[in-house]
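Hydrogens, waters and symmetry mates play no part in the numbers below; they use all other heavy atoms, side chains included.
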Amino acid sequence: MFRCVLTAAAVVLFASSTAVHAQRQTVGAPPEASNMKLVGYNDLQARSAYQPTIHHQGDRWIAYIGHHGGTDDVPAPVNPMTGKPEPNGTSIVDVTDPARPKYLRHLPGQEGKYESGGAQMVRVCDGKALPKGDPNAVYMLRTFGSEAHEIWNVTDPASPVLITRIGGLKDTHKSWWECDTGIAYLVSGAPDWRTRRMTQVYDLSDPARPQKIRDFGLPGQEPGSTRAVPTELHGPISTGPKGNRVYFGYGTNKGGILQIVDRDKLLSGAKEPTPDNLRYPEIARLPMSAFNGAHTTFPMLDMPIAEFSEDKDGKTRDIVMIVNEAILNECGEARQMVWFADVTTETRPMMISSYTVPEASGQFCQRGGRFGAHSSNESTAPVYHKKMAFIAFFNAGVRALDIRDPYHPREVGYFIPSITAATDKRCIPIEGGERCKVAIQTNNVETDDRGYIYIVDRANTGLHILDLTGPARTASGLPKN
């Protein structure tokens, strides 16, 4: 399954005056792949990328891609389309022809570096789906650095128009927007709350007139509390009115919590953030270990399990896939992995399996940068839902998992992009200075209804558009290519 060799040899340089060690890999070495192939590529103006959202817009497919802030070396990369430096924000790319992606627009975000700037998160809804939207419009919800959420009219994706701003925040992150109802779960840092990130629930059914519903978090995070402050929110995923559940992930890297919430009670319950009111919509929690957190909590409900097809009970199960986030370079922490929880009996969720890339398959702890899980695709399109999952695994690229039996998830493909001249270094402190290496940092992944896989890189390497081949394609049910 794995090719175990590094993509290129390394040259180690020593700078004796500062004791800095820098390792560089050969640019342009071929990608490492199994059962996945490269279809198209865009460099995204060498900007550090976070969330991609792929939207079928009329007769076109448009990728909206969020970015982290700039780096110390390049705080505001030059936009070749304007010739001017611009803080990292949102890239808008036409991927109708995935072999020839066309960069349409860069929409600058908040000035700042790394997590303190940019516009990391992006969601998109058609106006005709929103109850009070303009039926001829398309709307993009994005974060604006740490200070605001914004809604843009992207009917013409090359010429976005700002519609709404929800500001006055101290942080933002991975929000969720229900297109059929307009309800949005905005990951925010409300100034009076005791945690960096919690949830602000808004009615964005009319994007021009946001209506706040409530603030929400874990007891102890609310204003005025004197108890211990629980770990911060990373992001929620809602199943909407039909599923009536919201799955919240807290903790990211360690001490994580999967929280299962009754959506109706969340929206209609008492709004004052008292401990009792915050507990009221909660159905259950699944506490995780001190080693692991909950970056993405992706529900896969009513899954048919072939192994149980002859059993009287339990032929289908409700599963939540929990993906943690690696934080430290060169394995300077516990391994961050993918976990599968059976939540069929909601009040007693239980872990049933896990997945990680074997380190020895590529000597990933020595490659530089982060090694471990970060996120999964979040599309529920039938092409892959409840059959295949794609996991961004930093310097181990993207991993394709056959999840039809979530008790025994099985890797069936992978793709590790080649580094480019733009790929940024990643450093760790050592005695007398630091050691830096250049490595791929596949950060986020998404899929579209056609079956293409989109991965973006945290270390400025750009967007890669992929397709499945061989047994992985067969496992997904896609036609042969």
Side-chain angles (χ1 to χ4, degrees), residues 50-51 66 68-69 109-112 114-123 141-151 162-178 182-207 209-238 246-252 255-257 259 261-263 265-282 285 293-295 297:
Y50 188 73
Q51 182 70 28
H68 305 97
Q110 180 185 7
E111 292 186 9
Y114 306 104
E115 298 286 340
S116 299
Q120 293 184 34
M121 193 61 213
V122 60
R123 302 291 186 191
L141 169 68
R142 74 166 189 170
T143 58
F144 186 82
S146 59
E147 67 182 49
H149 303 280
E150 297 179 339
I151 301 178
L162 180 63
I163 300 296
T164 306
R165 168 180 275 237
I166 300 170
L169 305 175
K170 61 184 180 182
D171 206 351
T172 65
H173 208 54
K174 203 169 187 292
S175 302
W176 188 263
W177 195 10
E178 299 174 3
I183 301 300
Y185 309 86
L186 304 181
V187 179
S188 304
D192 54 341
W193 277 62
R194 303 173 69 221
T195 184
R196 186 165 68 118
R197 294 173 182 161
M198 36 69 76
T199 303
Q200 294 186 312
V201 185
Y202 270 80
D203 181 349
L204 301 182
S205 59
D206 181 350
R209 296 173 178 82
Q211 302 294 318
K212 186 175 180 180
I213 297 174
R214 69 176 299 174
D215 289 337
F216 181 72
L218 300 175
Q221 296 176 338
E222 75 276 13
S225 176
T226 57
R227 67 175 67 191
V229 182
T231 186
E232 67 186 29
L233 175 69
H234 188 273
I237 294 180
S238 171
V246 185
Y247 298 88
F248 290 87
Y250 298 84
T252 307
I257 298 170
Q259 183 189 37
V261 167
D262 184 304
R263 177 185 177 277
K265 290 182 178 180
L266 175 67
L267 299 182
S268 62
K271 307 301 188 290
E272 182 68 21
T274 66
D276 285 345
N277 291 344
L278 295 177
R279 280 190 288 264
Y280 172 69
E282 181 179 295
R285 292 188 197 182
H295 175 285
T297 51

Look at the side chain of [X] and the backbone N and O of [Y], then say whether any donor-acceptor pair between them is shorter than 3.5 Å.
X: Glu222; Y: Gly220; result: yes
X: Ser188; Y: Ala190; result: no
X: Asn277; Y: Glu272; result: yes
X: Arg197; Y: Lys174; result: no
X: Thr164; Y: Pro207; result: yes
X: Trp176; Y: Leu186; result: no
X: Thr199; Y: Tyr185; result: no
X: Arg194; Y: Ser225; result: yes
X: Thr297; Y: Tyr247; result: yes
X: Ser175; Y: Val187; result: yes

- Message: Do Ser205 and Asp203 pair up side chain to side chain, a donor and an acceptor below 3.5 Å, judged on atom types alone?
- Response: yes

Can you find a side-chain donor-acceptor pair between Thr172 and His149 that sits under 3.5 Å? no

Measuring from atom [atom1] of [X] to atom [atom2] of [Y], what distance do you get when rounded to the nearest 0.5 angstrom?
X: Thr143; Y: Ile166; atom1: OG1; atom2: CD1; result: 12.0 Å
X: Arg196; Y: Leu233; atom1: CZ; atom2: CG; result: 10.5 Å
X: Met121; Y: Leu141; atom1: CE; atom2: CG; result: 8.0 Å
X: His234; Y: Ile257; atom1: NE2; atom2: CD1; result: 14.5 Å

Between [X] and [Y], what is the shortest heavy-atom contact and its length?
X: Pro219; Y: Pro230; result: O-CG, 3.2 Å
X: Pro210; Y: Tyr202; result: CB-CD2, 4.0 Å
X: Gly145; Y: Gln110; result: CA-OE1, 2.8 Å
X: Pro191; Y: Gly168; result: CG-O, 3.2 Å
X: Gly251; Y: Thr231; result: CA-OG1, 3.2 Å
X: Trp177; Y: Ala184; result: CD1-CB, 3.8 Å

Item to check | Trace of the side chain to side chain contact (heavy atoms under 4.5 Å, CB included) decision for Gln200 with Leu169 | outcome: CA-CA 11 Å; Gln200 294 186 312; Leu169 305 175; 3.6 Å; yes

> Only one of Gln259, Glu232, Met198, His295 forms a side chain to side chain contact (heavy atoms under 4.5 Å, CB included) with Tyr250, so which one is it?
Replying inline: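 With Tyr250 as partner, side chain to side chain contact (heavy atoms under 4.5 Å, CB included) holds for just one option, Gln259.
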
| message | Could you walk me through whether Phe216 and Val261 satisfy the side chain to side chain contact (heavy atoms under 4.5 Å, CB included) test, starting with their C-alpha distance in whole Å, then the side-chain angles of each, then the deciding distance to 0.1 Å, before giving a yes or no? | response | CA-CA 11 Å; Phe216 181 72; Val261 167; 4.1 Å; yes

Open item on the list: Quick check on Glu282: does its CD atom have over 12 non-hydrogen neighbours (other residues, nucleotides or ligands) under 6.0 Å away?
Closed with: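 Yes, CD of Glu282 has more than 12 neighbouring heavy atoms, counting only those of other groups under 6.0 Å.
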
Q) More than 12 heavy atoms of other residues, nucleotides or ligands under 6.0 Å from CZ of Arg279: is that the case? A) yes

Run the side chain to side chain contact (heavy atoms under 4.5 Å, CB included) check on Thr195 and Leu218 step by step: do they pass? CA-CA 10 Å; Thr195 184; Leu218 300 175; over 6 Å; no

Open item on the list: Angle between ring planes, Tyr50 versus His173, binned at 30° and 60°: parallel, tilted or perpendicular?
Closed with: tilted

What verdict does the side chain to side chain contact (heavy atoms under 4.5 Å, CB included) test give for His68 and Tyr114, after you've listed the backbone C-alpha separation in whole Å, the side-chain angles of each residue and the deciding distance to 0.1 Å? CA-CA 5 Å; His68 305 97; Tyr114 306 104; 5.9 Å; no

* Taking 4.0 angstrom as the limit, do Arg165 and Glu147 come out as a salt bridge? -> yes

